[in-house]
Amino acid sequence: MAPGLNDVTVYLDHNATTPMAREALEAMLPFLEQRHGNPSSRHGRGRDARAAVDRAREQVAALVKVRPSQVIFTSGATEANNLALKGWSGGRPGARLAVGATEHPSVLSPALALRQHGCALGMLAVDSQGRIVSEALEEALAEGAGLVSVMLANNETGVIQDLRAISELAHERGALVHTDAAQAAGRIEVDFEACGADMMSLSAHKLSGPAGAGALVVGKTVDLEPLIHGGGQEHGLRAGTENVAAIVGFGAAAELALRRGRDAQVELRALRDYLELGLSRLPGAVIFASDAPRLPNTVFLALPGLEGETVVMLLDEDGIAVSSGSSCSSGATEPSHVLMAMGVEPEVARCAIRVSLGPGNTRADIDTLIAALEKHLYHQGAMPAGFLAAS
Ligand code: PMP
C-alpha cells in the first residue's frame with residue numbers, strides 16, 4: 001500500500017470511479033504484454049490489435065443498442081463531451097447552444113469556452129428536484145438553439161432526465177440533442193435510439209472499466225468537426241493511435257454490464273433503499289432530489305450542521321470513502337452548482353455528501369457507514385445524548 005493511503009475497507013464512491021472488473025483487467029492484460037500491435041499496421045500484430053478494437057466497438061455499441069460504426073472511441077467522457085459541443089459548433093459560426101444548469105463541468109466548461117468564441121449559450125433551468133424545466137427548454141429552442149446538451153443521469157444527485165421528451169421537443173424545432181450518459185450507462189438500461197439523442201458520451205471507468213477510455217456515440221445525421229487532427233483514426237473524428245488495452249477493457253466492461261443487466265439494478269436499488277432507511281434514523285438528514293427518478297446507486301444527502309468536506313475527512317479516517325459532491329470540483333469550497341441550480345440553501349448545500357454504491361457493496365458496508373455517521377453527529381452535538389445507545 002502506498003505511504004499515506006488509508007486501507008479503504010468500505011468504498012462508497014462509485015460515481016467518482018469504479019474498481020475495475022476482473023473481466024476487464026483480464027481482457028486488457030495481453031494487450032499490455034505480448035499483443036502490442038498498432039491497429040493501423042498491416043502485419044499480423046497490427047491486424048490482431050485492429051480486431052480487438054473492432055470487437056470492443058461491437059461490445060460498446062451493444063450496450064447502448066447502436067451500430068458499431070456509430071461509436072467513436074475517445075479518452076473518456078470529458079473528451080466525448082468536448083467533441084460533441086466543439087465538434088458540432090466548429091462548422092457553425094455563431095451557433096446557439098443550450099445546456100442544462102446541472103451538467104458536469106466537462107459540458108459546462110466547453111460551453112462557456114464556446115461562448116467566449118462567439119457562440120450564444122443558454123442555461124436550462126432545473127426544478128427543485130433537478131429536472132429540466134420544459135418551459136426553459138422551449139424558450140431556448142424558440143431563441144434558436146441548434147444543439148441541446150442534457151445529461152442522462154446526474155453525477156451528484158443521480159437524477160435521471162426525461163431525455164425522450166427533451167429530444168422530441170428539440171427535434172420538433174430542428175435542434176440536435178447531446179446527452180452525457182457517463183453515469184447512466186451500466187447503471188440503468190440505456191437505449192440510444194429510444195432516448196432520441198443524436199450524440200451520447202460514455203466513460204469506461206464509471207462502469208467497471210479502466211480510466212482513459214470513453215466514446216462518443218453519433219447518430220446518422222450529425223456532422224462533426226474533429227478536435228484532434230492527424231492520422232484519421234476513428235472515422236477521422238479522433239486521430240491518434242488507439243489506446244488498445246483500455247478500449248479492450250472498456251468493451252469487456254460494457255459486455256459485463258449488459259450481462260448483469262436488470263439484476264444488478266435491482267440489487268443496487270435494494271441496497272440504496274436500505275441506506276435511505278438507515279439515514280431516516282439520523283435527525284435532520286435530507287436526501288436531495290428524492291422525488292425524482294434517480295440512479296439505483298446514488299444518494300446525495302446532507303446532515304445539517306455537519307460540513308460535507310468535514311464528513312468526507314472524518315469518514316476517510318474511519319476507512320470509508322464517500323464524496324462531498326462532484327469529485328471533479330472537490331477542493332473548491334463553493335457549494336455544489338447542482339444544488340444551487342435546484343434552489344437549495346447554500347448552508348444546506350455545504351453539508352452535502354454523496355454516497356454512490358457499486359456491485360461489491362453489502363448491507364454490512366451500509367451499517368458501517370450509518371454507525372460512523374451517527375458517531376460523528378453525536379460528537380458534533382447534533383445527536384441527542386443517549387441516541388447512540390438507543391439506536
Ligand atoms: N460526465 C459525467 C456526468 C461524469 O460524472 C464524469 C466523471 N466525473 C465525466 C463526464 C468525465 O468522465 P471522464 O472521467 O471519463 O473524462
Side-chain angles (χ1 to χ4, degrees), residues 11-20 24 56 60 63-64 71-87 99-112 124 126 130 132 149-161 163 178-188 190 195 197 199-217 227-228 238 240 243 246-247 249-251 253-254 257 289 294-295 297-300 321-332 336-339 341 352 354-358:
Y11 186 79
L12 301 172
D13 200 14
H14 291 80
N15 287 12
T17 195
T18 54
M20 230 202 308
V60 172
L63 180 66
V64 294
V71 175
I72 310 297
F73 284 123
T74 63
S75 62
T78 298
E79 187 187 328
N81 287 340
N82 273 265
L83 177 57
L85 270 60
K86 294 180 185 166
V99 305
T102 60
E103 293 301 305
H104 187 267
S106 58
V107 165
L108 290 176
S109 295
L112 290 169
L124 302 173
V126 296
I132 296 288
S149 182
V150 172
M151 67 208 312
L152 191 47
N154 185 272
N155 46 302
E156 296 187 16
T157 56
V159 167
I160 300 168
Q161 300 289 346
L163 237 290
H178 163 252
T179 189
D180 176 352
Q183 295 288 351
R187 305 223 166 101
I188 54 172
V190 176
C195 76
M199 292 185 274
M200 176 182 280
S201 300
L202 302 173
S203 174
H205 75 106
K206 308 290 185 186
L207 47 80
S208 307
L216 184 68
V217 176
L227 298 184
I228 302 172
R238 206 286 184 169
N243 186 354
I247 288 171
F250 184 13
R294 284 177 297 146
L295 291 175
N297 79 319
T298 306
V299 181
F300 202 30
V322 299
S323 163
S324 62
S326 164
S327 65
C328 302
S329 55
S330 62
S336 147
H337 74 282
V338 175
L339 294 180
R354 181 185 67 187
V355 180
S356 48
L357 310 170

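First listed ligand is number 1; within each ligand, the first listed atom is number 1.
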Numbered atoms and elements of ligand 1 in range of [X], under 4.0 angstrom, heavy atoms:
| X | result |
| --- | --- |
| Thr78 | 11 (C), 12 (O), 13 (P), 16 (O) |
| Met151 | 3 (C) |
| Ala182 | 1 (N), 2 (C) |
| Gln183 | 3 (C), 4 (C), 5 (O) |
| His205 | 13 (P), 14 (O), 15 (O) |
| Lys206 | 5 (O), 6 (C), 7 (C), 8 (N) |
| Gly76 | 15 (O) |

Next on the checklist: Checking Arg294 now: which residues fulfil salt bridge (Lys or Arg N to Asp or Glu O under 4.0 Å) with it, not counting sequence neighbours?
Outcome noted: Glu276
Item to check | Selection residues 103-112 - residue pairs positive for salt bridge (charged side-chain N to carboxylate O under 4.0 Å, His left out), sequence neighbours left out | outcome: none
Next on the checklist: Is it true that Asp180 and Asn155 share a donor-acceptor pair across their side chains at a distance under 3.5 Å?
Outcome noted: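 Looking only at side-chain atoms, Asp180 and Asn155 do not form any donor-acceptor pair under 3.5 Å.
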Checklist entry - Cut-off 3.5 Å, side chains only: do Asn243 and Ser75 have a donor facing an acceptor? => result no
Checklist entry - With Asn81, which of Ser201, Ser109, Ser203 fulfils side-chain hydrogen bond (donor to acceptor under 3.5 Å, both in side chains)? => result Ser201
Checklist entry - Do you know which two heavy atoms are closest between Thr18 and His205, and how far apart they sit? => result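 So the minimum-distance heavy-atom pair works out to OG1-O, 2.7 Å.
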Item to check | Spatial distance of atom SG (Cys195) from atom CE (Met200) [nearest 0.5 Å] | outcome: 4.0 Å
Next on the checklist: Under 4.0 Å, counting heavy atoms only: does Ser106 come that close to any atom of ligand 1?
Outcome noted: yes
Checklist entry - Does at least one non-hydrogen atom of Glu103 fall below 4.0 angstrom from an atom of ligand 1? => result no
Checklist entry - Does an N or O from Ser203, backbone or side chain, lie closer than 3.5 Å to an N or O of ligand 1? => result yes
Checklist entry - Below 3.5 angstrom, do we get any N/O pair linking Asn15 and ligand 1? => result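 No, Asn15 has no N/O under 3.5 Å of an N/O on ligand 1.
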Item to check | Evaluation steps, side-chain hydrogen bond (donor to acceptor under 3.5 Å, both in side chains), between His178 and Ser149 | outcome: CA-CA 5 Å; His178 163 252; Ser149 182; 2.8 Å; yes
